[in-house]
Enquirer: 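One structure follows; several queries about it will come next.
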Amino acid sequence: MAGRTLYDKLWDDHVVHADADGTTLLYIDRHLVHEVTSPQAFEGLRLAGRRPWRTDSLLAVPDHNVPTTDRAGGIADAIARVQVEALDTNCAAYGITEFAMCDPRQGIVHVIGPEQGFTLPGMTIVCGDSHTSTHGAVGALALGIGTSDVEHVLATQSLVLKKSRNLLVQVEGTLGHGVTAKDLALAVIGEIGTAGATGHTIEFAGEAVRALSVEGRMTLCNMAIEAGARSGLVAVDERTIEYLRDRPLAPKGALWDRAVRAWPALHSDPDAVFDRVVHLDAGVLRPQVSWGTSPEMVVAVDGRVPDPQAEEDPVRREGMRRALRYMGLEPGTPITEIRPDKVFIGSCTNSRIEDLRAAAALVRGRRLAPGVRRALVVPGSGLVKRQAEAEGLDRVFRDAGFEWREPGCSMCLGMNPDRLEPGERCASTSNRNFEGRQGPGGRTHLVGPAMAAAAAIHGHFVDVREFD
Amino acid sequence: MEKFETFTGPVAALDRANVDTDAIIPKQFLKSIRRTGFGPYLFDEWRYLDHGEPGMDCAARPRNPDFILNLPRYRGAQILLARDNFGCGSSREHAVWALSDYGFRVVIAPSFADIFFNNCFKNGVPPITLPGAVVDRLFREVGAREGYRLTVDLRAQVLVTPEGEAIAFEIDPFRRHCLLEGLDEIGLSLRRAEEIRAYESRRRDETPWLFPERCGG
């Protein structure tokens, strides 16, 4: 028998039932729940007279709608408040563990899962959120799902799925100084396109991926969805195990020892066959900046805004023209001449402690450039915030003129009051530069944390490799 | 879920690739805890010239005259013809709820993003995938003739053009069956409750650390 990929193994381990045509009932080990995509699922459950199958598989947290300013006064927006209260009520009604808005462990659902050790290798994990792919960084099969499937998993602890194809992204070589997991993620999307991995599960492998910290691997897997893949994966290694050791919800004692003996099998066999393989050389990668309204519209920081005239495909050419109009950019403009009005450091892509450290290292002892109206730092969780404060990072940011906020999704999608005004340009560590994503008419440039921090200090994009 | 067998309706053509779910239904409308009422805000930022907020009376809002759904020729459209990677980005099922609430019963494109594609089936809105060349041709035909209508015959797996030409399409047999019968997928899965319990019991023995009541928390 041919070897199996990591995805094959995770899939095989969770099959409850498979029909001849491949339609499979797949068991789900963990289900993360947030306020935006769950109320209709809980209502559906109630209307059908059903109950959650296994409440101990659930962890809920409000993150999309919560204010990142002082929370003592609750949520000012009445509609958002009702939605967060609905989550509180549903969790109380069914006995589901919730890190409510003022819990010190509250944070972005994809930050707290791994942080708590709720996410473990070898699991299937779902959440009504496309960035669930993040959890694949520890060798778990993690899938973003819609609300109907949230209800399905609540009621049955399983999902009806067909297996996707295997795509290997093999990254050899070493990332240069100042080049991060975010740059690698953007470069992969730039290479294969936003639909490049549709219908596939991506496994990221190779020397450069092995060399990433587990948090860096989360950044990489987080953006698998931006390449069209519902799941991204990285094989388990010693770093994964060390990352999870002693996490609050990770197994302890003899159970931990047993788990640690099992986890190293969670890698693709040497003779495993992938449907597609994409090779990248980490050594030639430069810091990336997106210029358009799709994450595939990305160039290196020392590049220029591309010219639609050079694009042969008419649909793509028109897409580029529309993106440049929306972004207010001219073809040929050097990326380093683009000047952001706002800077956002946060989101499930880049709000973990290493991200904040990387940004703070560039900010220390400096001030926001005069043209930058506002710069937000939004830690991914209450525990990340506390850790950053213990290291004095909050002072570094505040002294430079950044705002230091409470944890949540914030300006990644602007459901709460943190958003761009029409025409405002933002250097953002988030994951989507879609039209209106960060606020109607807002213009997003996706970058890594150090690149965002450097842009805040200089008032325009700069190559962090020349500045630290 | 309502059964879907055959449907005939007017087609609107949205000629851009990578239409994301943020564009289909912007984030401010996701604060609703209901499944209905999203139709007036479908494509809100493209469709209106002002900024939309939940609860607004959309009849009084200024419309973008260039957006396809505001063109008189596409008034009452019920089939949406789109380009590659339709529905990419956020998993928000609100995007399908908005399309359906507006009146769209079918979406046709050369390719769809996975989560959106899946969400469509759960709401009785078949996403129909056709080769790029066929979609190109449909764009030309829809553009050339006002009031262009298509028939979607799910049982026969064909689209029928106004000239009576049948264009075959592929669709997953299980999903087709669920649409044709209007089946509740949760009810179907619960018929396998015993198998789920048996799996669970085996896994508790093999991988006890995956069951949190036995863990540190």
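Any value given below was found using the heavy atoms of this structure, including those in side chains, with hydrogens, waters and symmetry copies removed. These numbers come from a predicted model, not from an experiment. Letters A, B, ... mirror the listed sequences (proteins, then strands); counts begin at 1.
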Enquirer: For residues 103-114 of chain B, give me every residue with a non-hydrogen atom less than 4.5 Å from any non-hydrogen atom of chain A.
Expert: F112(B), D114(B)

Enquirer: Heavy-atom distance under 4.5 Å to chain B: side chain of D19(A), backbone, both or neither?
Expert: side chain

Enquirer: Do you know which of E206(B), R34(B), R175(B) has the most heavy-atom pairs under 4.5 Å to chain A?
Expert: R34(B)

Enquirer: Looking at chain B, which one of G199(A), A86(A), S57(A) has the largest number of heavy-atom pairs inside 4.5 Å, strictly under?
Expert: G199(A)

Enquirer: Which bit of R35(B) is near chain A, if near means a heavy-atom gap under 4.5 Å: side chain, backbone, both or neither?
Expert: both

Enquirer: Do we see a donor-acceptor contact under 3.5 Å between the side chains of Q40(A) and W97(B)?
Expert: no

Enquirer: Should the pair D77(A)-K31(B) be classified as a salt bridge under the 4.0 Å nitrogen-to-oxygen rule?
Expert: yes

Enquirer: Counting only heavy atoms closer than 4.5 Å, note whether E45(B) contacts chain A via side chain, backbone, both or neither.
Expert: side chain

Enquirer: Measure distances from W53(A) to the heavy atoms of chain B and classify the residue's part below 4.5 Å as side chain, backbone, both or neither.
Expert: side chain

Enquirer: Which bit of T156(A) is near chain B, if near means a heavy-atom gap under 4.5 Å: side chain, backbone, both or neither?
Expert: both

Enquirer: Quick one: do the T37(A) and E93(B) side chains pair a donor with an acceptor below 3.5 Å?
Expert: no

Enquirer: A side-chain contact here means heavy atoms from C-beta on lying under 4.5 Å apart; do I115(B) and I225(A) qualify?
Expert: yes

Enquirer: Need one label for A17(B): side chain, backbone, both or neither, based on atoms under 4.5 Å from any heavy atom in chain A.
Expert: both

Enquirer: Write out, in numerical order, the residues from residues 193-203 of chain B with a heavy atom short of 4.5 Å from a heavy atom in chain A.
Expert: A193(B), E195(B), I196(B), R197(B), Y199(B), E200(B), R203(B)

Enquirer: With a 4.5 angstrom heavy-atom cut-off, could you sort out which part of D84(B) is near chain A: side chain, backbone, both or neither?
Expert: neither

Enquirer: Quick one: do D184(B) and R50(A) make a salt bridge, cutoff under 4.0 Å?
Expert: yes

